[in-house]
Structure formats: structure tokens, C-alpha cells
*Asks:* 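Here it is, the structure, as C-alpha cells.
Numbers restart at 1 for each chain; the letters A, B, ... are given by sequence-line order, proteins then strands.
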Amino acid sequence: MEQMDRRWIYLMVAIAVIIPFIVPAELPISITPEAQAVFDSVEAIPDGSNVFVVFDYYPSTIAECEPMTTTALRHFFRKNCNVITLSNIPLGGPSMAETVTRRVAEEYGKVYGEDYVNLGYKYGYVAVMTGMGSSIESIFPTDNSGTPLSELPLMDSVKNYDDIAFIFEVADNATADYWVSIVNAQYGVPMICGTTAVGAPKYYAFVASGQFLGLLGGMKGAAEYEQLVGMPDEAVRGMGAQSLVHLLIIALVALGNIGYFIIRYKQRRERI
Amino acid sequence: MRTTVPVAIAFLSGLLLVTAFFFRADTFVGGLSQELTVWLTIVGGFTLLLGVVSIVRVNWTAIQRRKEGWGYKILTILAVFAMAIPSVLSPDWSPLFGRAEGSVYDWLFQNLQMPMMATMFATLAFYIASAAYRAFRARSAEATILLITATLVMLWRVPMGEYILDQLPGDIPAFLNTYVMGGFNMAVQRGIIIGAALGAASMSLRIILGIERTYMGKG
Amino acid sequence: MSGVEIFQIWLMAFVTLALFSFMYKDNPIYKVAEHIFAGLTAGYQVGLVWDTVVLQQLWNPMLGGKWWLFVPGILGLLMFARFWQKWSWVSRVSLAFVMGVTSGIFITSQLHGLVLPQMQDTMVGISEKVGESEDPFGSNINGLLITDGEASDDVALAYDDTASVAVIAEPSVAETGYPQVLAGSTSSTGESVNRNGDASVLLQAEFADTAVLGFGEFYTIEFEIRESGEAQARSIAQSTVWSSGGISLTETGSGTFLAEYNYDPGDAQEVGSYDLQFTVERRSIMFLLTAIVIIGVIATLIYFYFSKPHTGALGVTAKVGIWFIMISFGAHFGYTVMGRVSLLIGRVQFLVEEWIASFSHIF
Amino acid sequence: MTKPVPNSSRFVSLGLFTLLVSVPQTLLAQVAEGSAFRVDRINALVLVLVFSTAVLLYTKWAKAGKPLYLRKIPGLDAVEEAVGRATEMGRPVLFVPGIAELDEIETIAGISILGRVAKIVAQYDTPLTVPVRYPLVLAAGQEVVEQAYIEAGKRDSYDKDTVKYVAGEQFAFTANVNGYMMRERPATNIYMGAFFAESLLLAETGNAAGSIQIAGTARPEQLPFFIAACDYTLMGEELYAASAYLSHEPIMTGGLKGQDFVKVLIVLCIIIGAALVSFGYGEWFINLFEAV
């Protein structure tokens, strides 16, 4: 059993992940208090406020992160909030912010420059986050496509963090730590974080301390948020496959351990 | 000269930023530090290009010396230029130039780079399953705790698993969220966060004071 | 679906499958995809830096009058000096600037933004606030009048002069939060509140709770008075985790409670008129969770403490630390599995819902 | 590794002086004028000053040669044993100093542990392979290994290709190292430094190849995989402590001791605060730690 070719395991995983897409099943999705808090805190923002939606993730984790940004944008646009997007990721961040935001904005008939703006990317997240405290324009003289901020009507009323009501950070890396330690701690802008599952356990500490008002952890977190906003989409559809593969992996762990204990038991018997 | 100047620059710029933290933004120190942060975003931007130059150089040398697999390396260099050249040309000349939607740059990103990056990481799901089978053994008390917690969390975080947990007595999902994630895990993460913050602060202090220079490549 | 779109989907599917093919074994198609991938990643940064840094942040502002930006521009260019052995030390100047500014921001932000709040939040008591009544009276309330038994003027100030005490109050808000103080519920008996007399007055307040008290939950109740115009209220009776503070609590009906306190005005207060305030908090004994958090944080910090050998009490704490750490890492492992699986789901979602779906447009 | 440079002490004393004397003075002057100073951040200032003083004093003492105790890390003994085992079996030792650049503190720690490992390896004449991902790490690694061979008196056995640049891309690097493990079947694999998603790929392949594995990284999200698949794991700050312990580098030791000192203060504050809060007298104390 120890010698089983790993490719058989790969094949089992592939089957477990494909089946639910061919035979979809509707699964009830329970809501954790952390996800509920995300929804509630966004709901509590006055309609029409200016908010940041931050695309701090690489294209490698779109499966987990894009459902979060998409749903957040829908949630904000539904509340007629003005959305400002930016990214601290030099690989794909600004492009994804552009594509995703445009797509969702079209659903809601929002106008670029008036209802939403994509600031794009600048190097050095600590400097970017610190610098925007005094002046967003000094760090981002233009938006992502090179239009000066002064030509964008929305940015007339947005000068620095004082004009930002909320930060919706979606991250697959440690940039969320700096949004907490720099922007939230020094400028008091309320924020929540949507993160890949890998980062979620750490961020429970920031939720407990109230530095994050809520937390979305991985695809399940995204599914919960989609459910709460009332627009089930990719993440909700993914839950079936997620369930099957988890059960498969648990079965594999159990199988591996049973084999291990049998071998150990035999060895012990032989010794006696 | 070769060491003193960099060390002095790190010292002055670092000290200014530390000082500015304790002053309001509209002071002289505040204004100066704001200017320096803007400068950092400019200077630092160039470091991204260093990596590009390195890649081209390394691959080019490999091609010249006909090292193993040099044919593939030609593809790498071609891909660099295919992405880079149209993006630095002015979009006023052609909609294919620049970075906007419809440009070569954006097209290559959306249709090649993005699916490739996503796939690279997706393969980890296979490896993790195989590793779970092979490597995760209850070898010791510690490993057993890790294994049990991991299994419970895996069950809890998916609908089917949660259904199974709900069949057991007691409210296990709520217990997991409140006590395991919000209790044990949170406390440990907090300890680690505090420790890591002290480590980062200590490193920064040594860089500002010029005691730590490994970043300069000084062995 | 247009031909271009189908081509794009097939291209994406091709590179996805090419990279997956490595699972089976290393092969030339995988290598082609892998090498193109490395090149694109590098090329992406060129366009990004050229546009967002060189043009947007440097060149255009300089033309716009910020001529001094040539300094960071030159510092940036100096970075490339590292490719010439002889001049590579020059690039250290730029690097030192980047490291200096970053470190300067780091020191304060790490200590201020992470250490302080995380410490602060660990200093928790054994009970935690679950709900709190809003200050129900706002500013336009009647109050509590304390007389010395002679100054009828005082009485005339605000209230009916036959009464030496007058209470109280239409709560102005009671909509949000729980427990809720009930409208018109706070009252006292009509007995005299004379600070020279020995009669006490019964203060009563009613509140309602939408949810039944759970296991380990209880109320803390506070009667406070505030002199008109004074910001700070003075507590006259307080029930805490540890004591009832002389306040008795009885359940009067489904979900409504009556808090009573015998107030002896001779105790403390000056003659005058006061606003009466009443708050109720619903708290929960969080002894277990609190203990886990405090012990966990301390044990983890001690585990990573290197200045003393881990023997004796320190050793025990460190041992506890390692068990906590293993639980946390178990959670990490579970979550990481979830994350990796999600990424695979994303790709399969694409292959099934877009690529396979496109078959119908072709065949 | 980082060697003291002649004028560094001048900067240290200059820095100490500035931080401890002039900054508070300027700040106090500002307070007196009632102007620009953020009085509400005085708690952070106190923390910064206490912390800086602790780190710098310990560093100074360490440089002055004062014996500073650091406890031994259990996994470190295992390193020696594991290298011994490789010698017995006549198979090589693989050392991966993480996949991050040299500006990452974990990489620096990894490289300094490499120095120690290389010395043992040199003494036993066991072959060593060190794949790296960045040119700067390559330079630092080569220097450290060469130095170790010289110190062990085996200058002639040093092979310049011991430390080699493998690939710049994460997964290309991993694939290469994995291939090496399956082909050469090293008896001992040591991973010390910053690891990311490849941690599992490396550790699992090493496990399959039957090597003894010792790992160390400060990234909590990767530690579960090392713990499960390796025989010994240095967790988090243990990595730094190990490198300080092995290298006796005053900068590292001093930093570690300074952090330890502040950790004790933090633990004390938490205990006092929690006690005060539990008895209902904690508000003022908690407010001392308010971050604004």
C-alpha cells in the first residue's frame, strides 16, 4: 500500500473534483459569525460612501479571491457606494482590478470616473499605504490608465483616508497585515479582509482584536458572502467539489494511518 | 565611501520616517516624510526591472553556451519581448500597444499568463492529497493533535462535512469556530504575530543604524 | 460565441492542460508552457513599471513642474549599476534608501499597529460583554431631585413642589441592541429623597431581553446620576461580575425584568437636580475562552523565549505552548488543504463550464 | 556573513544618542509649544524607545564579548546526527536555504546555519549540495561554504559547484530540486529559510526518497507540512535562535536577547492587565495600550 503510485491518487482527486460539476447538488451553506460580520459591516456603511476595494492577490488565487471581490463590488454598487480600486501586486493585480470592476460596473450601469476609479499599482506597499494618509494624489498622480486624478470627478471629493469610509481588502499574502498595522491603526479606517484559506487562521487574531470587523476565509468564506448578499455564484457552485475532495483527503489520511499502525503493530510483534 | 554613504542614507531616511510618525502630517517633518514615501515608490519601481534584466541575461547566456534545454530558453526570451515591447509603445499609435483592454499586453495576460499562474498553484491540490496519504502520520502526540484538528477543520469548512459533524452530539461547528479557531488558534497566532512584529522591528532598527547590511550583498 | 472567443478559450484550456500534464510526467509540452510562462511574467512587469512608474509617477509630474523628482529617478537608474561589477556598489545607495524608508515605517507601524493592539486585546477579564442597553434617556429627561428638606426653591426648579423626588422618564430610544430598557419603565416610589433624612427611595427600572440568558450569562446593572451640564455620570449603584451592588433583579414576565435599588440620598450626593441614568449589560462568563486566550498567548511567547532553559515552570509553559501551537497548525493545515483544493476547483470550473461548453459551438 | 565594519560602532553610538537623547528632547519641546507632536502616540514612543534600547544594549554587550545565554534548540542536535548518518551511508547531504532573496531575514538565518552544516560536512568528507534561487544568495552561500571548508582544514576538498544557481522561478526551482532528490537520493535533506507553497512538494519528495529531513522556517502556514513530513522542524523564531546559537554573531544574539527582554515585559503587562480587568479595575490600564 505504501508503494501505491501517486498518480492513482491524482486521478482520484481529479474525479472527485469533476463529478460535482457534472452532477450538481445543492448544498446548504452555513454562515460563520465572521462572514456575517463582513456583511453587516458593509450594510452599516451609509449609502453613497467612498470605499476602497483592494485587489491584493495574484492571478494564481483567483479561484478563491475573485468571488470575494466580485461580490463585494456588487454589494457596494447596490448600495450606490463609490468604489476606488487599487492593488499592491505587481503581477496582474491592476489588470484584474480593471477587468473585474468593469464587468461588475456594467451590471449596475456605473460610470467610470464618477462611480468608480481604478488607481492601479505602485511599488512599495508600506510607502503606498503610508503616503495615501496625507494625499492619495501624491502616490497615484493618475489612475491605472494614465488619466490625471483631477480629471476624474469622483476623486474631487477623495483626498486621503479621511474621505474613505471603508476598506474591503482581498489578499492572498501578508499585505493585509500592513493595511492593519498602518492604515487601520494610524488612520482608523474600518476594514474587513477576505483572504485565501491559507491566511485565514492568522487573521482570527485581527478579528478578535477588532482590527478587522469581519473575515472571509477562502472559497467557503466567499460562498458564505455570496449567500448573504443574495447572489450565489462561482464560490457557491464550487462547494460540492470542495466537499468531495475534502472527504477524499480525510479518507486518504485515515487509510495512510491505518497502514502505518498495522505495520508498526506487526514490527512490534516480530520483535517480541 | 562604498559603505558609509549607503549606511548614512539608510540612517537619515529611516530616522526621518520614525520621527514623522510622532508628528502631525501638516508639519515640516510630516511633509518631508510624505515626499520620501513618494520617492520610494519611484525608486523601488525600478527594482522590479532588475529581475527582468536578470532573467534575460541568465537565459541569454544559457542559449549562447548551448546549455541543456537552451531551445526552451529562446521561448522565455521571446515571451519577455512579446509582452514588454508592445506595452511600452504609445497606445496613440495603435490600440494594440499600451496596457488597456484590447492591447497585446492585456490579451497575453488574460489568455496565457492568468490561466497559467492559476494552474501552477492548482496542481498543489494533487500533491497535498498525495502527501496527506503518505506523510501525515500520527507519529507522536504532537502530530496526532495536529492531525485531529486538521481533520475536524477540513470537515467543518465544507457543507457535506458540516452535515456529518451535525449528526454528532453537541454543536461541534460552533465549538470549532469559537474555541479552536477563536481560542487556541487565535492565541497562538497572536503570540506569533507579536513575536514576528518584534523581530521585524528589531531588523528595521538594525538596518537604520547600519548594523545590519546583508541586504547590500555584503557577506 | 465568436471565433475569437472560442480560440481564446481553447488557448487557455491548452495551457491549463499542458501544465497539468506534468502530474503524469515531465514532457516537452509542459516545458514549452513553463518557459513561456516565465517569460510572460517578467514581461508583464516591464509594461507595468514603464507605465505606472516611469510615465505616471516620474516623467509626467516632472514635465508638470515637479522637477525635483529627478533625484528619485536617478536613484532608480542607479539600481542597474549592480550589473557592472566595478560600479555595483553604487546601486547600494538606492537600495539603502529603499531599505531605510521601509524600515523607518516598519519600526513604528509594527510596534504601534500590531504589538499594542494585540497586547491590549489579550487583557480580557473572565466575562465578556454580549449586549448593552443604549442610554435610553437622551438629554430631554426628568431627573432625580435631592433636597436638604428645607430649600423648597430647589423643588420648584423643575418639578412638582409637593414631591421631594420626581422620577422619570420617557426613554427616547430603545430600538437597537439588547437588552432594551422599556419605555416609561424607570420609576421610583414617591417617597422623599432628603439627604438629611433617613428615608430611602426605591429606584426601579424595567428592561426586556429578546433572547433568554444562555449558559454562563448574566446581567450587570448600573444606576447612575449626572448633574445637569456635567459630562461624567456618577454611579450610585452598580452590580458587577463580583457583587450585586444592592440591586435586586426579578423576572416579571416573559422576557421582562425589574431591577430595584434602595437609594439612600444621604450617602453622597449634593443637593441639586440630576439626570438619572440606567444601563444594563448582558455579559457572559467566558472563563474557559479567556483562559485559553491568555494562556495560549503567554505560552506561545514563552515557547519562543530563548534566554532561559525550558525547565521547571518555564518548561511546563513551553510544553503547553507546543500543544497549543499544534492545534493552531492543525487548523492551518485544514485551511491550507481547503485553499489548494479551491484553486483546483477554479481550473476545473473553467474547463467544464467554458471549455467543454464550447464544444457545442464547434461540433 | 555580516562582519563588523570599522565605522559601524560610530553609527550605533550616533543612533543610540539620537534616539535616546535628541528625539525625546525635540518632542518634549514640541509638546511644550502645544503643537505638532502627537501626544496621543506617547505610548508607542515609549515602546519604541524601550525596545530600541534593549536591542542595542544587548547587541553592545554581545559585541563586547559578554557571555549571553541562549538555550539550545532540540532540532540542532539532530543536524549533526543526520550528517553523520549520511557519512555512514556514503550518500550526499542536501541543504536548501529557502527560496527568498538575501534581504529576507530567514534567508540570512538559513545561510548562517549552512555555514555550520558545511563545517561538519567538511570534517566528515560528505558530499554537500546547496541549490539556490537568487544570484545574491549564491554569492553569500559560496562564501560561507568555502570559509567552512577552510576552517575545517579541508580547503582542497572544496568544490565551487557545491552551491549552485538552479532556477529563478519558484516551481522550476522546486522541480529541479525534486529531480535531484529522486536521482541522487541524498541521505539527509535540510531546509532552512523562507519557504512557500513548495514546502510540501520538497518535503514530500524527500520523504518518498527516504531521506532524513530537518526543516526550519518562520512561516506558520508552511510549518504544518514540514512538521508532518520531516523528522525535525525548527518552528518560527527557533530558526533565528538556531542561527544565532550556531554563529555567535553578536548582531543576531543581541537582537534576539533584546526581543526576549521585551517579550517578558509584554507577558507581565498581559498578566497585570487581565487581572485588573477581571476585578473591574482595568480600564485605565488597558487605555495605556490604545493605538491611535
*Asks:* Side chains of C:Arg340 and C:Thr336: is there a donor and an acceptor less than 3.5 Å apart?
*Replies:*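 The criterion, which ignores hydrogens and geometry beyond distance, is not satisfied for C:Thr336 and C:Arg340.
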*Asks:* Between C:Thr102, C:Val93, C:Val54, C:Val49, who has the most heavy-atom pairs with chain B when the cutoff is under 4.5 Å?
*Replies:* C:Val49
*Asks:* Counting only heavy atoms closer than 4.5 Å, note whether C:Tyr305 contacts chain B via side chain, backbone, both or neither.
*Replies:*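 Contact with chain B is absent: no heavy atom of C:Tyr305 under 4.5 Å.
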*Asks:* Please state whether the side chain, the backbone, both or neither of B:Thr151 comes within less than 4.5 Å of a heavy atom of chain C.
*Replies:* neither
*Asks:* Side chain from CB out, backbone as N, CA, C, O: work out which of these in B:Ile192 comes under 4.5 Å of a heavy atom of chain C, or both, or neither.
*Replies:* both
*Asks:* Would the distance check show the side chain of C:His35 and the main-chain N or O of C:Lys31 forming a donor-acceptor pair, the cut-off being under 3.5 Å?
*Replies:*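 Yes, because the side chain of C:His35 sits within donor-acceptor range (under 3.5 Å) of the backbone of C:Lys31.
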*Asks:* Given that the side chain runs from C-beta out, which part of C:Ser328 has a heavy atom under 4.5 Å from chain B: side chain, backbone, both or neither?
*Replies:*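 Answer is both: backbone and side chain atoms of C:Ser328 are under 4.5 Å from chain B.
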*Asks:* Among B:Arg57, B:Met181, B:Gln110, B:Met114, which residue forms the greatest number of heavy-atom pairs with chain C at distances under 4.5 Å?
*Replies:*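 Among the listed options, the one with the most contacts to chain C is B:Arg57.
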*Asks:* Students often mix this up, so state it plainly: with edges at 30° and 60°, are the rings of B:Phe126 and C:Phe20 parallel, tilted or perpendicular?
*Replies:* perpendicular
*Asks:* Checking heavy atoms, do the side chain of B:Tyr127, its backbone, both or neither come under 4.5 Å from chain C?
*Replies:* side chain
*Asks:* If you tally heavy-atom pairs under 4.5 Å against chain B, which of C:Ile298, C:Val101, C:Thr290 wins?
*Replies:* C:Val101
*Asks:* Taking every heavy-atom pair that is under 4.5 Å apart, which of C:Val46, C:Ile322, C:Ile107 has the most such pairs with chain B?
*Replies:* C:Ile107
*Asks:* Is it the backbone or the side chain of B:Phe121 that comes under 4.5 Å from a heavy atom of chain C, or both, or neither?
*Replies:* both
*Asks:* For C:Phe83, which atoms come within 4.5 Å of any heavy atom of chain B: side chain, backbone, both, or neither?
*Replies:* both
*Asks:* What is the distance from atom CG of C:Asp51 to atom CZ of B:Arg99, rounded to the nearest 0.5 Å?
*Replies:*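 Spacing of CG (C:Asp51) from CZ (B:Arg99) equals 4.0 Å.
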*Asks:* Could you measure the distance from the CZ atom of B:Phe109 to the OG1 atom of C:Thr41? Nearest 0.5 Å is fine.
*Replies:*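 The OG1 atom of C:Thr41 is 10.0 Å from CZ of B:Phe109, to the nearest 0.5 Å.
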*Asks:* Based on non-hydrogen pairs under 4.5 Å, which of B:Glu35, B:Arg190, B:Gln189 is most in contact with chain C?
*Replies:*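 Counting heavy-atom pairs under 4.5 Å, the top option is B:Arg190.
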*Asks:* Write down the atom of C:Leu69, the atom of C:Pro61, and the distance for their closest heavy-atom approach.
*Replies:*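 So the two residues come closest at CD1-CB, 3.7 Å.
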*Asks:* Do you know which of C:Ile294, C:Ile9, C:Val348, C:Leu301 has the most heavy-atom pairs under 4.5 Å to chain B?
*Replies:*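 Heavy-atom pairs under 4.5 Å are most numerous for C:Leu301.
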*Asks:* Counting heavy-atom pairs closer than 4.5 Å to chain C, which one of B:Leu36, B:Ile85, B:Val53 comes out on top?
*Replies:*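 With the most close heavy-atom pairs to chain C, the winner is B:Val53.
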*Asks:* If we define contacts as heavy-atom pairs under 4.5 Å, which of C:Leu58, C:Val341, C:Ile302, C:Leu78 has the most with chain B?
*Replies:*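 Result: the option with the highest number of such pairs is C:Leu58.
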*Asks:* With respect to chain C, which residue among B:Leu17, B:Leu48, B:Thr76 yields the maximal number of heavy-atom pairs within a distance under 4.5 Å?
*Replies:*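 Among B:Leu17, B:Leu48, B:Thr76, the one with the most close pairs to chain C is B:Thr76.
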*Asks:* Hey, are the side chains of B:Val104 and B:Phe97 touching, using non-hydrogen atoms and a 4.5 Å cut-off?
*Replies:* no
*Asks:* Taking the six-membered ring for Trp, are B:Tyr105 and C:Tyr44 parallel (under 30°), tilted (30 to 60°) or perpendicular (over 60°)?
*Replies:* parallel
*Asks:* Side chain, backbone, both or neither: which part of C:Lys66 has an atom under 4.5 Å from a heavy atom of chain B?
*Replies:*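 Nothing of C:Lys66, per the 4.5 Å heavy-atom cut-off to chain B.
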*Asks:* Heavy atoms only, distances under 4.5 angstrom: which of B:Leu112, B:Leu155, B:Ile77, B:Thr144 has the most pairs with chain C? Name it, please.
*Replies:*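 The option with the most such pairs is B:Leu112.
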*Asks:* Is it the side chain or the backbone of C:Ser91 that comes within 4.5 Å of chain B heavy atoms, both, or neither?
*Replies:*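 Neither the backbone nor the side chain of C:Ser91 comes within 4.5 Å of chain B.
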*Asks:* Is the count of non-hydrogen atoms from other residues, nucleotides or ligands lying under 6.0 Å from C:Trp87 atom CH2 greater than 12?
*Replies:* no
*Asks:* Checking heavy atoms, do the side chain of C:Met79, its backbone, both or neither come under 4.5 Å from chain B?
*Replies:* both
*Asks:* Looking at C:Leu343, C:Val15, C:Ile327, C:Val293, which makes the most heavy-atom pairs under 4.5 Å with chain B?
*Replies:* C:Ile327
*Asks:* Pick one of side chain, backbone, both or neither for C:Leu17, based on which atoms fall under 4.5 Å of a heavy atom in chain B.
*Replies:*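 C:Leu17 has no heavy atom closer than 4.5 Å to chain B.
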*Asks:* Quick one: pull up CZ in C:Phe350 and OG1 in B:Thr119 and give me the separation to the nearest 0.5 Å.
*Replies:*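 Reported value, rounded in 0.5 Å steps: 8.5 Å.
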*Asks:* So which part of C:Leu75 gets closer than 4.5 Å to some heavy atom of chain B, the side chain, the backbone, both or neither?
*Replies:* both
*Asks:* Using 0.5 Å steps for rounding, measure from the CZ atom of C:Phe97 to the CD1 atom of B:Ile42.
*Replies:*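 The CZ atom of C:Phe97 sits 9.0 Å away from the CD1 atom of B:Ile42.
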*Asks:* Distance only, no hydrogens: is a donor on one side chain within 3.5 Å (strictly under) of an acceptor on the other, for C:Ser358 and C:Trp10?
*Replies:* yes
*Asks:* Is it the backbone or the side chain of B:Val5 that comes under 4.5 Å from a heavy atom of chain C, or both, or neither?
*Replies:* side chain
*Asks:* Report the C-alpha distance between B:Phe136 and C:Phe333 in whole Å, list the side-chain angles of each, state the deciding distance to 0.1 Å, and finish with yes or no for ring-ring contact (aromatic ring centres under 6.0 Å, His included).
*Replies:* CA-CA 11 Å; B:Phe136 287 91; C:Phe333 175 69; 4.2 Å; yes
*Asks:* Decide yes or no for C:Trp355 and C:Met12: does some side-chain heavy atom of the first lie under 4.5 Å from some side-chain heavy atom of the second?
*Replies:* no
*Asks:* Using non-hydrogen atoms only, which part of C:Val71 is less than 4.5 Å away from chain B: side chain, backbone, both, or neither?
*Replies:* side chain
*Asks:* Looking at B:Leu152, B:Ile74, B:Val43, B:Thr41, which one has more heavy-atom pairs under 4.5 Å with chain C than the rest?
*Replies:* B:Val43
*Asks:* Where does the angle between the aromatic ring planes of C:Phe306 and C:Phe304 fall among parallel (under 30°), tilted (30 to 60°) and perpendicular (over 60°)?
*Replies:* tilted
